[in-house]
> 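Sharing a structure here in structure tokens format.
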Amino acid sequence: MTTAEITRAGRPEAGAETPADIRIDMVRPGVLRLTIDRPKARNALRTQTLREIAEALEGAARDADVRCVVLTGGPRVFAAGADIGELAAHDATSILDDARPGHWKAIRAFPKPIVAAINGYCLGGGNELAMHADILIAGTTAVFGQPEVNLGIIPGAGGTQRLTHAVGKSNAMLMALTGAFIDARTALAQGLVSEVTQAELTEDRAIAIAKTIAAKPPLAARMAKEAVLKAHEVGLEQGLHAERRAFCQLFATEDKHEGVSAFLEKRRPAFKGR
Ligand code: CAA
């Protein structure tokens with residue numbers, strides 16, 4: 001069963017497991033919304049939550065009806081980090097066999113664009129999850145932080161790397177070393193998020209952006225994501241090489257011919273994802 005089938009039906013088909021920690025729905029054609037739904041624990045990301053997000057994204061990757069994903073924690077909180085109760089049960093040996101790195105890997109591997117809609121606390125693993133999104137939209141209530149240092153640990157899901165790329169060394173150090181939170185306006189000024197909206201409009205804005213992306217030729221959207229991410233992963237020479245290869249590959253697609261022909265013929269393009 002595909003993710004879209006789950007959501008079109010509004011519930012899983014018989015025999016399929018219903019996610020307990022997230023809600024999944026198709027909010028617009030091509031736009032799948034994943035909502036973390038553990039409000040009593042401030043959407044803390046227990047292993048099950050991460051597994052459900054990873055599985056939903058794996059399903060969405062295979063589903064041609066999904067062109068873009070909106071990831072949110074709803075109107076009050078994005079996610080207050082890893083579930084500290086789970087962390088308490090680990091020692092230096094058991095954490096080596098922790099299942100979570102596998103789920104993070106699956107989230108990172110999701111090839112289609114993700115837009116995060118962030119309200120309220122976005123802390124620790126929550127901020128690391130938000131930074132797995134490609135575009136981050138914050139409500140005025142959003143609060144970002146990497147407070148792991150207060151627990152005697154450090155960010156463990158890419159926070160030291162992605163945050164540094166996003167906000168620069170000194171700002172990342174300030175957050176990681178002091179555990180201090182920053183508000184939405186500061187996150188915007190530092191480049192962690194793309195826009196700040198009124199809190200009640202965050203999801204709408206993220207959905208609008210996702211809807212725009214969903215109408216684009218999907219292969220080009222996917223390759224644009226891959227190429228931009230390369231800028232964080234490899235040196236300039238390799239990044240330029242990857243961009244050039246993707247650029248040339250797209251010349252073999254029907255959607256390239258359609259996009260160019262539609263422009264020249266002054267009509268709207270009808271992209272097919274081929
Ligand atoms: N894990 C587990 N439970 C959490 C949690 C977390 N990260 N964050 C909040 N909760 C729980 C609280 O224990 C509390 O549960 P009870 O009602 O059963 O007591 C409930 O959520 C509400 O929390 P508060 O009463 O504290 O709510 P608040 O609104 O006053 O404060 C908060 C919210 C500032 C987010 C505060 O809860 C907090 O500081 N949470 C921890 C933040 C944190 O340290 N995150 C980093 C985790 S480590 C990590 O993420 C590692 C990594 O990189 C992968």
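Whatever order the structure lists ligands and atoms in, that order sets their numbers, starting from 1.
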> Is any NZ, NE, NH1 or NH2 atom of the basic residue among Arg267 and Glu258 found under 4.0 Å from an Asp or Glu carboxylate oxygen of the other?
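Looking at Glu258 together with Arg267, the answer is yes, because their closest N to O distance falls below 4.0 Å.
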> Measure the acute angle between the ring planes of Tyr121 and Phe181, then classify it against the limits of 30° and 60° as parallel, tilted or perpendicular.
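Tyr121 and Phe181: perpendicular rings.
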> Can you name the closest pair of heavy atoms from Pro19 and Ile24 and give their distance?
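Answer, listing the atom of Pro19 first, then Ile24: CG-CD1, 3.8 Å.
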> Give a table of atom pairs where an N or O of ligand 1 lies under 3.5 Å from a protein N or O.
unit_1: ligand 1; atom_1: 1 (N); unit_2: Ala82; atom_2: O; d: 3.4
unit_1: ligand 1; atom_1: 1 (N); unit_2: Ile84; atom_2: N; d: 2.9
unit_1: ligand 1; atom_1: 7 (N); unit_2: Ala80; atom_2: O; d: 3.0
unit_1: ligand 1; atom_1: 7 (N); unit_2: Ala82; atom_2: O; d: 2.9
unit_1: ligand 1; atom_1: 21 (O); unit_2: Lys40; atom_2: O; d: 3.2
unit_1: ligand 1; atom_1: 27 (O); unit_2: Arg42; atom_2: NE; d: 3.4
unit_1: ligand 1; atom_1: 27 (O); unit_2: Arg42; atom_2: NH2; d: 3.2
unit_1: ligand 1; atom_1: 29 (O); unit_2: Arg42; atom_2: NE; d: 3.2
unit_1: ligand 1; atom_1: 29 (O); unit_2: Arg42; atom_2: NH2; d: 3.3
unit_1: ligand 1; atom_1: 45 (N); unit_2: Ala80; atom_2: O; d: 2.9
unit_1: ligand 1; atom_1: 50 (O); unit_2: Ala82; atom_2: N; d: 2.8
unit_1: ligand 1; atom_1: 50 (O); unit_2: Gly125; atom_2: N; d: 2.7
unit_1: ligand 1; atom_1: 53 (O); unit_2: Glu128; atom_2: OE1; d: 2.6
unit_1: ligand 1; atom_1: 53 (O); unit_2: Glu148; atom_2: OE2; d: 2.8
unit_1: ligand 1; atom_1: 53 (O); unit_2: Gly156; atom_2: N; d: 3.2

> Could you point out which residue of Val196, Val70, Thr197, Thr72 forms a side chain to side chain contact (heavy atoms under 4.5 Å, CB included) with Ile137?
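Answer after filtering Val196, Val70, Thr197, Thr72: Thr197.
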> Do NZ/NE/NH1/NH2 and the carboxylate oxygens of Asp21 and Arg51 come within less than 4.0 Å?
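Judged by the 4.0 Å cut-off on N to carboxylate O distance, Asp21 and Arg51 do not form a salt bridge.
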> Quick check: are there more than 12 heavy atoms from other residues, nucleotides or ligands sitting under 6.0 Å from CD of Glu265?
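More than 12 within 6.0 Å, yes.
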